[in-house]
S.K.: 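First, the structure itself, so that you have it in front of you.
In each ligand, atom 1 is the first atom listed, and ligand 1 is the first ligand listed. All values reported here derive from a predicted model rather than from experimental measurement.
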Amino acid sequence: MIADLILYNIGTLVTGKELEKKDEKDMENIEVLENGYLAIKDGKILSVGEGEYPKELQNEKTELIDVNGKVITPGIIDSHTHLVHYGSRENELPLKIKGVPYLEILKQGGGILSTVRNTRKATEKELYDKAYDVLNRMAKFGVTTVESKSGYGLDLENELKQLEVNKKLNENHPLDLVSTFLGAHAVPEEYIGNTKGYIDEVIKMLKVVKEKDLAEFCDIFCEDSVFDVAESRHILNEAKKEGFKLRIHADEIVSLGGAELAGEIGAVSAEHLMAVSDEGIKELAKNNVIANILPATSFNLGKNYAPVRKMINEGVTVALSTDYNPGSCPCENIQLVMNIASAQIKMTPIEIIKATTINAAKVVCRENEIGSLEVGKKADLVIYDVNNLNYIFYNIGINHVNDVFKEGKQIVKNKELCF
Ligand code: IZC
Ligand code: ZN
């Protein structure tokens, strides 16, 4: 077969293909090729290898790109974001700096509830335009797939409005979106003191969201003074009955047992885990729940990092994402997350690439399509303007991505969007 595009002279080609683990705690088990090539046809990987590319893949129509010894990885997957929302919360910054806790600001009617007020007032177009710009910037940082949650409507009309925006962005923007219903993100103002009443509403919303096919996952903010473990179990069980895949904001601030619940209920992933217990880590490992770690949130809240090395030692599958949201983590930059993971969590470059590619693909249940550069998968890839992988983690705080291809089409060229 003849390729549409061949990239050759790739100094370091992290294909992300999973190799057998050396032992249970090995998280560097992905393939890295030296002097590699990649051939692409119809948006998919046709051939990948080391050395000279096979000449039979090429004819006069094949586009050739000399990568000049630079580094390529699979497209980065940001598998936890609150992308679609309106307004911002910098007015809370002085409170945060003075030490007022995140959950206290929420209790006072700020935090998530402030974003809910703004999101309810916003039109679908306003939400769409704001999120579209963010996706553009995420693409420049090397991201090719984004998970996006609702959770700032907290009533049927406005949750659907957010999810419709997810759908339209997925249709119109080159990046792929994976949609999550997070109706149980907080108890809205009109239900304060009547959590049970709101949970009944969420369960009604689940059915409508499913009928309209607007979300694949159901998520919940299982947290002190938000939804407790019993309430979370109840909502997630109902979601499971409706056919949603499950994920949980678990043990972010207070150790409530969210990780244990994720294991018990068969969630795909548990997110945050800054306050996870040792027992919780064991449950994640035993039940193959992915730990989706969001270290820019720890950084921004000035809190501790999730015990990732402990999780890796216990054999837990670890992913990394931004948690982009208007409150705890207004960070669109996955490379900052990767830098923090290296400097603060002591993950190695290869572990971090694994956590943001194939493991993140598992968080969104797309590991058969994306997350590694293997024959038949989508040609989502990133070219970095560096000569070796370590450099990305050494020279921190700048964008090392030079070019991005989504399904074989170039969407970032020389650091600028080109679609
Ligand atoms: O808007 O504060 N943690 N949800 C759970 C968030 C952070 C988003 C927000
Ligand atoms: Zn979140």
S.K.: Scan residues 285-313 for pairs that pass ring pair (Phe, Tyr, Trp, His ring centres under 6.0 Å), counting only residues two or more places apart or in two chains.
M.R.: none

S.K.: Could you walk me through whether Glu31 and Thr15 satisfy the side chain to side chain donor-acceptor pair (under 3.5 Å) test, starting with their C-alpha distance in whole Å, then the side-chain angles of each, then the deciding distance to 0.1 Å, before giving a yes or no?
M.R.: CA-CA 6 Å; Glu31 183 182 62; Thr15 70; 2.7 Å; yes

S.K.: Distance from Phe217 atom CZ to Leu246 atom CG, nearest 0.5 Å?
M.R.: 9.0 Å

S.K.: Would you kindly say whether Thr348 and Glu28 are connected by a side-chain donor-acceptor distance under 3.5 Å?
M.R.: yes

S.K.: Hey, is Glu201 close enough to Lys204 for a salt bridge, meaning N to O under 4.0 Å?
M.R.: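 Salt bridge: yes.
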
S.K.: Once ring pair (Phe, Tyr, Trp, His ring centres under 6.0 Å) is applied, what residue pairs with a partner in residues 106-132 remain, sequence neighbours excluded?
M.R.: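 Counting only pairs at least two positions apart or across chains, the ring pair (Phe, Tyr, Trp, His ring centres under 6.0 Å) contacts touching residues 106-132 are Tyr128-Tyr132, Tyr132-His173.
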
S.K.: Check step by step if side chain to side chain donor-acceptor pair (under 3.5 Å) holds for Thr180 and Asp219.
M.R.: CA-CA 7 Å; Thr180 297; Asp219 196 348; 5.8 Å; no

S.K.: Could you check whether any side-chain heavy atom of Lys70 comes within less than 4.5 Å of a side-chain heavy atom of Asp385, counting everything from C-beta outward?
M.R.: yes

S.K.: Distances only, to 0.1 Å: what are the N or O pairs between ligand 1 and the protein that fall under 3.5 Å?
M.R.:
from     : atom 1 : to     : atom 2 : distance (Å)
ligand 1 : 1 (O)  : Arg89  : NH1    : 3.0
ligand 1 : 1 (O)  : Arg89  : NH2    : 3.4
ligand 1 : 1 (O)  : Tyr152 : OH     : 2.6
ligand 1 : 2 (O)  : Arg89  : NH2    : 2.8
ligand 1 : 2 (O)  : Tyr102 : OH     : 2.5
ligand 1 : 3 (N)  : Tyr102 : OH     : 3.3
ligand 1 : 3 (N)  : Glu252 : OE1    : 3.3
ligand 1 : 4 (N)  : His185 : NE2    : 2.7

S.K.: Are any of the side-chain heavy atoms of Ile112 and His185 separated by less than 4.5 Å?
M.R.: yes

S.K.: With 2.8 Å as the threshold, which protein atoms of type N, O or S lie near the Zn ion (ligand 2)? Leave waters out.
M.R.: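 The answer, once waters are left aside, is His80 NE2, His82 NE2, His249 NE2, Asp323 OD1.
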
